[in-house]
Number of protein chains: 4
Amino acid sequence: MEKSPRVLGRPRHDEKAKPTQEVVLLTATNLFIKKGYKNVSMDDVARACNVTKATIYYYYPTKGDLYTSSLVGMMERIRFHIEQILNLPNPFKERLEQLVEVHLSATVDIDMKNFMREATMNLSESQLKKVHASETAMYETIERSMQLEMDRGTIRQGNAQFFAHTFMVLMSVGYFKDGEGISLFQTSREAAKEITDFFWRSIEN
Amino acid sequence: MEKSPRVLGRPRHDEKAKPTQEVVLLTATNLFIKKGYKNVSMDDVARACNVTKATIYYYYPTKGDLYTSSLVGMMERIRFHIEQILNLPNPFKERLEQLVEVHLSATVDIDMKNFMREATMNLSESQLKKVHASETAMYETIERSMQLEMDRGTIRQGNAQFFAHTFMVLMSVGYFKDGEGISLFQTSREAAKEITDFFWRSIEN
Amino acid sequence: MEKSPRVLGRPRHDEKAKPTQEVVLLTATNLFIKKGYKNVSMDDVARACNVTKATIYYYYPTKGDLYTSSLVGMMERIRFHIEQILNLPNPFKERLEQLVEVHLSATVDIDMKNFMREATMNLSESQLKKVHASETAMYETIERSMQLEMDRGTIRQGNAQFFAHTFMVLMSVGYFKDGEGISLFQTSREAAKEITDFFWRSIEN
Amino acid sequence: MEKSPRVLGRPRHDEKAKPTQEVVLLTATNLFIKKGYKNVSMDDVARACNVTKATIYYYYPTKGDLYTSSLVGMMERIRFHIEQILNLPNPFKERLEQLVEVHLSATVDIDMKNFMREATMNLSESQLKKVHASETAMYETIERSMQLEMDRGTIRQGNAQFFAHTFMVLMSVGYFKDGEGISLFQTSREAAKEITDFFWRSIEN
DNA sequence: TATGAATGAGGATTCATTCAT
DNA sequence: GATGAATGAATCCTCATTCAT
């Protein structure tokens, strides 16, 4: 039996079907983002995944672990995204603007403060530690860029960590909707422009 | 775990005691701020007030109503506070700084975005409407000041509503704590200074 | 101070206003008829009467007592009604028909079996006894008429009590509505005719 | 009051034991018949089944659903029973009598009007629809027989649906008990005879 | 790998009733 | 007479978790 480059015969299940564990994690992440930790039950996740609760427990021993994995995964993806954009060769201001726009375009309000709050409230020490690590890593990615640009003299001297945080919260202004569901901006394009401009005024040299 | 031997019926009126309804509201507000809507049970509130759950339901027909009243009350107090400070005769920047400092000193992280999210997720249409009204009123108080200072030429022209929102989210940076519980600033005095400075750079003329 | 036949001055409240106790009883009766014992709370009654719960308890020491009074009152009124109609000089069949029609016209389904069941399930011994007494009195009124007409030879010999009961349950057929809310008869006039005719075939001589 | 030391998780499968879902339904049905919807709590059902409330909710998502299933099941069984008896080759009157007797012998007072009332009062639209469907099916089974016998000339022409309903309510007379718990008849045998005789006089040709 | 069946601990809400005023 | 304020016991339902298969 030589090894053929493609398995012979029809694969048992859908070749393209993502492994269950991944499906669960992605589905859960979306639910958590949309509704928050306490408003998502393991039953909800199971239903949304078309598997049983027990299956979820097979992969994630507690709801807290699932949440932890969701947050960590999400933050890692965001961090990766941020890194990619910030490593582009464009001028710094342009990169920031792009960052904001990409972020705001991602349908839902990804509010770090929120996630961290729910984490603090509901996770165990060890779970929380993992989440915090990811959070820190995420912020540090921005910080490094800020520091770099400071060193380059593109932006004024200042506390890079503080800058990273202000940048992140300013982004969240783009998500605001009033009682009638009306945003402060017409498009995320415009939002990105305004927000970056606002931020830039504070950090430019 | 001692059970207080409370009796049925209307208790003899204690002159100096605060009316129960108020006690309930205040206690609930604190709990909600500290732990969030879903992490506070009516039992928790009752216990913290040293009354029975039924007593709470006597004043607030549902948990959602209690939350609504808490939020509305809180926002109204904040709005009043903001108004008072912004109406002082000091230079605008000073008033803003004062505002930030007072806010940050208020024990806990009062994060509007958080409250609004929990509200959206858990309240009924009509309850949500009330909350939104208070929120709007709060922001408008700041907006009016911003607009006034624009007209006076103290700050640059711009979208006053946007400014109000950026101001509020920037404040929340003062609350940030990392995994070790370490804040970005040593004191709220310093936080206020840095945050206001940052904000001011963006809006000064 | 001679006693004047009419009190001088304006009576304190609305002269015509029914005494509270009566209002409570009538209101409660209607609610109980419409929704049944367990589906009517003392709060419901209070609200419907525009008084407080405590007021109701002032007149009726328990919900069971209120229900008892309601049932007894209702049955007494029905008994009185029945007696009046059965004492008319018309032919017996006509009187029966009239009875059915009047009963069916009274808006709601007054189903004795139902009331008695709820009574059995929810009242105390002594309360139940009162209700049973009224029920018996009610049936006996019909029985007496039946017996009289048997003696007169208008209807065939038989168990008068049995006849009274069959008569009552046959009436309830007039109330039947199917899933679409459609009755077996177009009008209560027609219902009365059909039901009486059916009954009469069984008891005529 | 001994708490059975039941364990978490799936119990080892007992071959001969009836499936839990069925046990729950049967137990609930009995309770509902005996005490009515509102007088049976989910706790009662759970206790009677020796399972936990959660188990019941595992099979029946709401109390209303459990009631619906109970009623539907019951009516279906009755309908089946009725059909069997009415399809026997005996003369129609005999079959009716047998029907009454069998029915009256079935321990408890199964009063359709009662169940339907509680259903109307407590079930959701969709639940109620199911119940109504079963009810209609049940009555239609009797109707068909009535119609058949009309066509055969065994009984007089008339509204078969009306006949079906009068038949059912007349049966309920057999259940009547006065304040002392005394029935109108000595035996269900006798009750069946009297009731059928009464009914027959009205419908015979 | 995955599931079906079950649990225990809450959690929101209702309700009859009480009692000082 | 009537009420406002409070209670305790239920009641319906949810949910994270467990475990034999």
Side-chain angles (χ1 to χ4, degrees), chain A residues 13 19-21 24 38-46 51-66 122, chain B residues 3-13 19-21 38-46 51-66, chain C residues 13 19-21 24 38 40-46 49 51-66 122, chain D residues 3-13 19-21 38-46 51-66:
Chain A
H13 281 299
T20 307
Q21 180 165 20
V24 169
K38 281 284 185 175
N39 285 301
V40 173
S41 74
M42 292 303 259
D43 264 306
D44 291 336
V45 178
V51 296
T52 60
K53 246 189 305 189
T55 302
I56 296 178
Y57 276 96
Y58 180 75
Y59 292 110
Y60 299 94
T62 70
K63 189 187 178 187
D65 287 312
L66 180 54
N122 296 295
Chain B
K3 242 204 198 135
S4 56
R6 242 173 298 104
V7 243
L8 254 73
R10 182 187 206 166
R12 236 178 258 103
H13 188 50
T20 306
Q21 180 164 22
K38 282 282 186 174
N39 286 300
V40 173
S41 75
M42 292 303 258
D43 259 309
D44 291 337
V45 179
V51 296
T52 59
K53 248 186 304 187
T55 300
I56 296 178
Y57 278 96
Y58 179 71
Y59 292 108
Y60 300 93
T62 70
K63 190 187 176 187
D65 286 312
L66 180 55
Chain C
H13 281 301
T20 306
Q21 179 164 23
V24 169
K38 281 284 185 174
V40 173
S41 74
M42 292 303 259
D43 264 306
D44 291 336
V45 178
C49 296
V51 297
T52 60
K53 247 190 304 190
T55 303
I56 296 177
Y57 277 96
Y58 181 74
Y59 292 111
Y60 300 93
T62 71
K63 189 187 177 186
D65 287 312
L66 179 55
N122 297 294
Chain D
K3 244 207 199 132
S4 55
R6 243 177 295 106
V7 243
L8 253 72
R10 182 187 207 168
R12 237 179 258 103
H13 189 49
T20 306
Q21 180 164 23
K38 281 282 185 174
N39 285 301
V40 173
S41 76
M42 291 304 258
D43 260 309
D44 290 338
V45 179
V51 295
T52 59
K53 245 187 307 187
T55 300
I56 296 178
Y57 278 98
Y58 179 70
Y59 293 108
Y60 300 94
T62 70
K63 190 186 176 188
D65 286 312
L66 180 55

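Since the model is a prediction, treat every value here as computed from it, not as a measurement. Below, chain A is the first sequence line, B the second, and so on; all start at residue 1. These numbers come from the heavy atoms of this one structure, side chains and all, not from hydrogens, waters or symmetry mates.
- Atom CG in D/N39 sits about 9 Å away from atom P in F/dT11, given to the nearest Å.
- Rounded to whole angstrom, the span from the NZ atom of D/K63 across to the P atom of E/dT14 amounts to 15 Å.
- With pairs defined as Watson-Crick or G-U wobble and both atom distances under 3.5 Å, the stems of at least three pairs that touch DNA chain E come out as E:2-21 with F:2-21.
- In terms of heavy atoms, A/K38 sits closest to A/K63 at CA-NZ, 4.2 Å.
- Residue A/Y59 comes nearest to A/P61 through the heavy atom pair O-CD, 3.8 Å, listed as atom of the first residue, atom of the second, then distance.
- As judged by a 4.0 angstrom heavy-atom cut-off over every strand, A/S41 is placed among residues touching the sugar-phosphate backbone only.
- Residue B/Y60 contributes atom OH, which lies 16 Å from atom P of E/dA12 at whole-angstrom precision.
- Distance from the side chain of A/V51 is smallest for E/dT3 among the nucleotides E/dT3, E/dA16, F/dA16.
- Between D/Y57 and D/T62, the shortest heavy-atom contact is CE2-CA, 4.1 Å.
- In terms of phosphate contacts, C/T20 brings a side-chain nitrogen or oxygen within less than 4.0 Å of OP1 or OP2 of F/dA2.
- Rounded to an integer number of Å, the gap from NZ of D/K38 to P of E/dT14 is 11 Å.
- Atom-to-atom distance recorded for C/M42:CE and C/T55:OG1 is 11.0 Å, nearest 0.5 angstrom.
- For the side-chain contact (heavy atoms from CB on, under 4.5 Å) criterion with C/I56, the lone passing option out of C/D43, C/T20, C/V24 is C/V24.
- Atom CG in B/D65 sits roughly 11 Å away from atom P in E/dT14 (whole-Å rounding).
- In this structure, C/Y57 atom OH and E/dT21 atom C1' are separated by 20 Å, rounded to whole Å.
- Residue B/V40 is classed as a sugar-phosphate contact, given heavy-atom separations below 4.0 Å to backbone atoms only.
- Between D/K53 atom NZ and E/dA5 atom C1' there is a gap of 18 Å when expressed in whole angstrom units.
- Residue-to-nucleotide proximity on DNA chain F shows that, of B/Y59 and D/P61, the 5′-proximal contact is made by B/Y59.
- Looking at D/D44 and D/N39, their side chains never come closer than 4.5 Å, going by heavy atoms from C-beta outward.
- If you check every strand for non-hydrogen atoms under 4.0 Å, B/V45 touches nothing.
- Between C/D43 and B/M42, the residue anchored nearer the 5' end of DNA chain E, judged by the nucleotide with its closest heavy atom, is B/M42.
- Between the P atom of F/dC19 and the OH atom of A/Y58 lies a distance of 17 Å, rounded to the nearest Å.
- Put simply, A/T52 has no side-chain N or O that comes within less than 4.0 Å of OP1 or OP2 on E/dA2.
- Nearest to the side-chain atoms of D/A54 among the listed nucleotides F/dT14, E/dA16, F/dA16 stands F/dT14.
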